[in-house]
Number of protein chains: 2
Amino acid sequence: MTETSSKKASLHDVARAAGVSISTVSRAQAHPERLSAKTRDKVLAVTRELGYHPNIAARNLRLGHTKTLLAVMPNHKATSVSTITTEAQYGIGAQCRKQGYALNVVHMDETEATADHVLQLAYGGQASGLILMAEQPYELHGRRLQDCGLPIVSLSEDLTHLNIPSVVTSDRQSMMDAIDTLADLGHTSFYFISGPDNSYHSRQREAGVRSGLIRRFGSDTGLQKFRADFSVQSGIDAAAAYLALDDRPSAVICWADEAAIGFQSAILNAGLAIPDDLSLISFDGLTASRYMRPPICTFDQNMTDLGAQAAQLLIDMIDSGEPPKGASIEYPAKLFPGGSIAPI
Amino acid sequence: MTETSSKKASLHDVARAAGVSISTVSRAQAHPERLSAKTRDKVLAVTRELGYHPNIAARNLRLGHTKTLLAVMPNHKATSVSTITTEAQYGIGAQCRKQGYALNVVHMDETEATADHVLQLAYGGQASGLILMAEQPYELHGRRLQDCGLPIVSLSEDLTHLNIPSVVTSDRQSMMDAIDTLADLGHTSFYFISGPDNSYHSRQREAGVRSGLIRRFGSDTGLQKFRADFSVQSGIDAAAAYLALDDRPSAVICWADEAAIGFQSAILNAGLAIPDDLSLISFDGLTASRYMRPPICTFDQNMTDLGAQAAQLLIDMIDSGEPPKGASIEYPAKLFPGGSIAPI
DNA sequence: TTGTACGCGTTATCAG
DNA sequence: CTGATAACGCGTACAA
């Protein structure tokens with residue numbers, strides 16, 4: 001109702017209007033019980049009347065904290081079907097909110113400007129902690145993100161060797177399980193669609209596949225491999241390469257759902273049947289994979305939980321001084337039993 | 001190299017170590033040309049040595065701005081295949097970065113705690129402007145988000161009647177075009193899968209369908225309708241309802257890709273063929289839709305551009321006082337020609 | 001119970 | 001060209 005004149009009201013304005021000192025107004029917010037009922041009511045009335053709300057930035061400065069987390073997320077390709085980062089961010093955001101933290105987000109890309117922006121945010125004291133999800137060098141002009149002096153938690157990439165607590169998925173273990181699952185169905189020949197060589201997840205998952213092969217068959221030398229990337233298109237390319245093979249493996253393991261979606265699509269378009277002609281198993285647990293025909297058998301990551309865990313871990317580090325308790329948390333991915341695998 | 005003792009260095013620390021006043025150190029950052037070469041080099045050297053970086057929060061407080069935008073995003077359902085909000089956020093983030101703004105994000109949900117959190121952020125002066133993408137009441141305990149005194153831009157929902165500049169897609173026009181496209185193929189009977197009654201986009205798109213019908217056929221009375229929602233599952237339900245019809249329309253228009261994906265999947269599972277037995281056209285332009293079999297014919301929104309536009313509009317409002325120039329910007333969605341439509 | 005004074009880390013103004 | 005000072009908006013000892 002009462003229209004405030006123009007600018008935002010400050011502690012000062014309220015104090016003057018209520019005929020008290022600014023500390024009294026301040027107390028009315030934080031420690032209402034320490035005021036006499038009379039002045040408290042008076043102050044609160046004026047507070048409402050003037051539409052006063054404390055300036056959180058100033059409060060944080062005074063209190064020496066920021067109550068803000070900075071999440072560094074991976075670049076989002078326009079042609080992506082992945083909801084991984086959205087889910088992760090949702091989990092992070094929900095946990096932040098519960099703990100009264102604000103969430104700053106920046107999506108990485110390859111430009112120096114972006115690297116500089118992140119560094120600026122981190123070194124500029126805009127946040128009290130960092131969640132790292134982007135696979136990036138985080139370095140510019142000799143300034144490294146890790147040296148910004150803030151607590152850091154890595155999400156989905158294991159960075160414990162850099163002394164950074166990490167919340168990760170069971171990349172390796174899941175892929176070992178994938179081999180067992182396929183082998184139990186009678187498969188003995190395997191085709192692996194990997195990601196880029198510099199991708200952490202790709203390397204982990206390939207290592208898992210090879211370990212699984214060695215554990216089950218004593219050797220991984222028979223593994224055939226195609227290098228794809230994050231895109232659906234690269235899965236289509238993988239299909240072309242697969243189809244050109246003289247002796248096609250009966251089981252295909254794909255490093256990520258995006259590529260698997262492209263792969264399956266191209267295979268079906270070529271007239272082959274899944275899982276009749278070949279079995280396909282993948283990793284990520286995208287909802288989109290569930291609605292392919294057939295639904296793609298894939299490892300579900302529950303990124304929302306992972307994100308929430310990472311945020312909580314970081315907030316614990318901020319609140320309790322510094323020492324990270326458990327170095328790293330691994331969340332097992334759960335196999336979603338799509339229709340893309342079958343006995344040979 | 002040089003390990004800083006423990007806490008972050010401040011202007012004061014550098015000044016003392018360099019034997020100058022704090023204003024000189026401050027100037028070395030902002031106006032280096034106003035210092036003598038000698039002192040500037042000295043100060044800069046000490047700055048580097050101590051690992052000093054200005055505290056942005058304090059600077060912003062002094063300068064009376066926040067250089068921060070707050071984006072209020074819709075709730076993300078765990079079972080979603082939509083990348084709309086991710087794309088929008090990416091566009092917003094990129095534009096913020098270019099303009100030196102930080103980006104605060106909060107995902108809405110139905111809880112009061114979240115509403116309170118958003119209100120707190122907005123009224124607390126944590127940001128200088130708001131981007132609204134969530135379809136929510138934004139109100140709690142009589143505090144309305146719109147009254148927080150900050151410039152606001154609506155993304156994807158037309159809020160110009162509330163005097164809020166809006167960046168929107170061509171919901172209505174596109175759906176009118178959809179009718180024409182289908183009618184040109186010979187279709188005369190239509191089935192519309194809507195969203196929830198309280199969804200802005202659903203209402204807009206239904207209005208577009210009906211307008212298109214009236215424009216082309218003089219009446220919309222023949223339109224059959226099923227109410228779905230944001231989920232893939234609701235599209236599956238729609239398929240069941242459609243299949244139960246005695247006289248099935250040959251053309252199906254779906255309000256959103258998520259539901260369309262479920263619908264198509266269920267239709268195919270039931271043994272019907274698309275587009276042989278029915279044509280399907282939808283809205284959203286999800287990448288996932290492109291890789292369905294057949295690819296779903298859908299209107300592509302380019303949310304990245306929309307997001308960037310919204311951010312820029314908001315920043316303009318912040319920088320240039322207040323007056324919003326153009327009330328609203330409409331981005332036409334482009335039809336992605338999937339294989340889900342055909343002549344009757 | 002309430003008011004005074006100071007400081008959080010900056011930057012801008014004004015002397016010198 | 002450089003330094004002292006005030007102020008941004010707030011919270012809290014300390015004193016009254």
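Chain identifiers are assigned alphabetically (A, B, ...) following the order of the sequence lines, protein sequences preceding nucleic acid strands; residue numbering begins at 1 within each chain. What you see is a predicted model; the values in this text were computed from it and never measured.
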>> Within the 4.0 Å heavy-atom criterion, would you say L35(A) contacts the bases, only the backbone, or no part of the nucleic acid?
In response: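 Sugar-phosphate, backbone atoms only, no base.
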>> Students often get this wrong, so: under 4.0 angstrom with heavy atoms, is H65(A) touching a base, only sugar-phosphate, or nothing?
In response: nothing
Tell me, do [X] and [Y] make a side-chain contact under 4.5 Å, heavy atoms counted?
X	Y	answer
E135(A)	H201(A)	yes
T83(B)	T83(A)	yes
Q99(B)	Q312(B)	yes
L162(B)	I152(B)	no
L70(B)	Q126(B)	no

Could you work out, with salt bridge (charged side-chain N to carboxylate O under 4.0 Å, His left out) as the rule, every residue matching [X], not counting sequence neighbours?
X	answer
D158(B)	none
D305(A)	none
R40(B)	none

>> Reading DNA chain D from 5' to 3', where do the contacts with chain B start and stop? Cut-off is 4.0 Å to heavy atoms.
In response: dC1(D) to dG9(D)
> Knowing that exactly one of L314(A), V167(A), L132(A) qualifies, which makes a side-chain contact (heavy atoms from CB on, under 4.5 Å) with L155(A)?
Replying inline: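 Of all the options given, the one that passes is V167(A).
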What are the residues of [range], sorted by number, that bring a heavy atom to within less than 4.0 Å of DNA chain D?
range	result
residues 21-33 of chain B	S21(B), S23(B), T24(B), R27(B)
residues 37-45 of chain B	T39(B)
residues 56-63 of chain B	L61(B), R62(B)

> What bend angle does the helix from dT1(C)-dA16(D) to dG16(C)-dC1(D) show across its length, from five-pair end axes and to the nearest 10 degrees?
Replying inline: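 Both end axes considered, the difference amounts to 50°.
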> Going by the salt bridge (Lys or Arg N to Asp or Glu O under 4.0 Å) test, which pairs reach into residues 90-104 of chain B, not counting sequence neighbours?
Replying inline: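 Counting only pairs at least two positions apart or across chains, the salt bridge (Lys or Arg N to Asp or Glu O under 4.0 Å) contacts touching residues 90-104 of chain B are D109(A)-R97(B).
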> Does T47(B) use its side chain to pair, donor to acceptor, with the backbone of V43(B) at less than 3.5 Å?
Replying inline: yes
>> Quick one: does any side-chain atom of S10(B) pair with a main-chain N or O of K8(B) as donor and acceptor, under 3.5 Å?
In response: no
> Rounded to whole angstrom units, what separation is found between the CZ atom of R16(A) and the C1' atom of dG3(C)?
Replying inline: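 From R16(A) CZ to dG3(C) C1': 17 Å.
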> Can you check the Y52(B) OH to dG9(C) C1' distance for me, whole Å?
Replying inline: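 Rounded to the whole Å, the gap is 7 Å.
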> What residue pairs, at least two apart or across chains, pass ring-ring contact (aromatic ring centres under 6.0 Å, His included) with a residue in residues 52-74 of chain A?
Replying inline: H53(A)-Y123(B)
> Of all residues at least two apart in sequence or in a different chain, which pass the ring pair (Phe, Tyr, Trp, His ring centres under 6.0 Å) check with Y101(B)?
Replying inline: none
> What residues form a ring pair (Phe, Tyr, Trp, His ring centres under 6.0 Å) with Y200(A), not counting sequence neighbours?
Replying inline: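 Listed in chain order: nothing, the list is empty.
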